[in-house]
Amino acid sequence: MAFWDYANPTRFLRLVQIVLPWLVGLCVITFAVGLYMSFQAPEDYQQGQTIRIMYIHVPAAWLCMMCYTVMSLSSIGTLVWKHPLADVSAKSAAPIGAAFTFMALLTGSLWGKPMWGTYWVWDARLTSVLVLLIMYLGLMTLWRTMDDPIKAGKAAAVLTLVGALNLPIIKFSVDWWNTLHQPASVVRLDGPTIHPDQLWPLLVMAIAFTLLFLVLHLMAMRNEILRRRVRALRMRAASASHPGTAAATAQPAE
Amino acid sequence: MDLGPHSGFIIASYALCILTVLALVAWVRIDKLVQDRALKELADQGIVRNRPDTPKQ
């Protein structure tokens, strides 16, 4: 069976049923190891113990961008290939991405106060991440404002791809503008500038956050497929009880 | 473990992350229960999917 066959929602649900328990177990173990390493890592010579915030702030910030990248790729799948699960994937990822962005902003703010002396500044990095949160909330609203999920999915896909322009702005904002936020210290062409004792816990926590995203995304996609099945069945029932009145729009992921 | 003079900020950050993750988990679990209940109610009324579970090869 080709990988493409998992585009069939029923097969996808079966796959989720098999994979999900393993992913949940792996996610819990990785978080346990990552948190242990985070609190065993040496404190920073300048920032002291507040470096502990880095182990949740940085993975949350990476994930909020990765989640939007997943949504952008899914949007291409919706618009170009009309992939049955692409719209489901994009819609399901939005609340998770919003939550990660919210985490990144608030933990950054709580890290900023003792280190910068302020919770917030309107610099390029912080503002562009705030724009990302607004994009997530806007997309979630757009999906809810349209009755027809297919039309909503197409409109959201276009808006998602327009919003993807913000991703390089977030990434390179610290290089393009003079910001209070520090420049990249892990993903750099000349290699990480963090000491390995602090880098390894960070990478393990990043893997844990990625697994958490995978688990939540698969669960949310499963729910969205079931929601569309419920909608299709209700429309069919309405159509049967009132012939000629229901103009049901069949959805690929039902 | 002594978290130093800024322990409040560290604890608040971790507590906030835990709450956000718990909220996400609750959201997906509750949503699953709602969809399962809706499908069961429809099935009780005799409204079920009539297409085969697997597409023709």
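In what follows, every chain begins at residue 1, and chains take the letters A, B, ... in the order their sequences are listed. Hydrogens, waters and symmetry mates play no part in the numbers below; they use all other heavy atoms, side chains included.
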Exercise for the section: Using a cut-off of under 4.5 Å on heavy-atom pairs, state which of A/Leu216, A/Ile56, A/Thr107 scores highest against chain B. Expected result: A/Ile56
Practice task
Check for a donor-acceptor pair, side chain of A/Gln49 on one end and backbone N or O of B/Ser7 on the other, with a separation under 3.5 Å.
Solution key: no
Exercise for the section: Return yes when atom CG of A/Asp147 has more than 12 non-hydrogen atoms of other residues, nucleotides or ligands closer than 6.0 Å, and no otherwise. Expected result: no
Exercise for the section: Please report the shortest heavy-atom distance between A/Ala99 and B/Leu24, naming the atom on each side. Expected result: CB-CD1, 3.6 Å
Handout entry: Euclidean distance, A/Leu233 CG relative to B/Glu41 CD, rounded to 0.5 Å
Key = 12.5 Å
Problem - Working for side-chain contact (heavy atoms from CB on, under 4.5 Å), residues A/Arg227 and B/Asp31 - result: CA-CA 9 Å; A/Arg227 186 179 354 271; B/Asp31 195 20; 2.9 Å; yes
Fill in the blank from the handout: Under 4.5 Å to a heavy atom of chain A? For B/Val25 that would be both
Problem - Selection from B/Asp2, B/Ile10, B/Val21 maximising heavy-atom pairs under 4.5 Å formed with chain A - result: B/Ile10
Practice task
Under 4.5 Å heavy-atom distance to chain B, tell me which part of A/Phe39 shows up: side chain, backbone, both or neither.
Solution key: both
Handout entry: Greatest number of heavy atom pairs closer than 4.5 Å to chain A - which of B/Gly46, B/Cys17, B/Ala23, B/Pro5
Key = B/Cys17
Exercise for the section: Below 4.5 Å from any heavy atom of chain B, which atoms of A/Ser109 appear? Answer side chain, backbone, both or neither. Expected result: neither
Practice task
With a 4.5 angstrom heavy-atom cut-off, could you sort out which part of A/Met115 is near chain B: side chain, backbone, both or neither?
Solution key: side chain
Exercise for the section: Would you name the heavy atoms of A/Ser92 and B/Trp27 that are closest together and state the gap between them? Expected result: O-CH2, 4.2 Å
Practice task
Measure across B/Gln35 and A/Asn223 and return the closest heavy-atom pair with its distance rounded to 0.1 Å.
Solution key: CG-O, 3.8 Å
Problem - Contacting region of A/Phe31 [heavy-atom separation from chain B under 4.5 Å] - result: neither
Practice task
Look at atom CH2 of A/Trp120 and say whether more than 12 heavy atoms of other residues, nucleotides or ligands are closer to it than 6.0 Å.
Solution key: yes
Completion exercise
One should read off an interatomic distance between A/Leu105 CG and B/Leu16 CG, to the nearest 0.5 angstrom, of 10.5 Å
Problem - Contact origin within A/Leu35 toward chain B - heavy atom pairs under 4.5 Å - result: side chain
Problem - Most chain B-contacting option - heavy-atom pairs closer than 4.5 Å, from A/His57, A/Arg222, A/Arg234 - result: A/Arg222
Handout entry: Closest contact, heavy atoms only, B/Phe9 versus A/Ile53
Key = O-CD1, 3.9 Å
Problem - Derivation and outcome, side-chain contact (heavy atoms from CB on, under 4.5 Å), residues B/Lys32 and A/Met219 - result: CA-CA 8 Å; B/Lys32 175 78 165 51; A/Met219 290 171 88; over 6 Å; no
Exercise for the section: Check each of B/Val34, B/Asp36, B/Leu42, B/Ile47 against A/Val230 using the side-chain contact (heavy atoms from CB on, under 4.5 Å) test, and report the only one that passes. Expected result: B/Leu42
Exercise for the section: For B/Tyr14 and A/Arg52, indicate whether the former's side chain and the latter's backbone hold a donor-acceptor pair under 3.5 Å. Expected result: yes
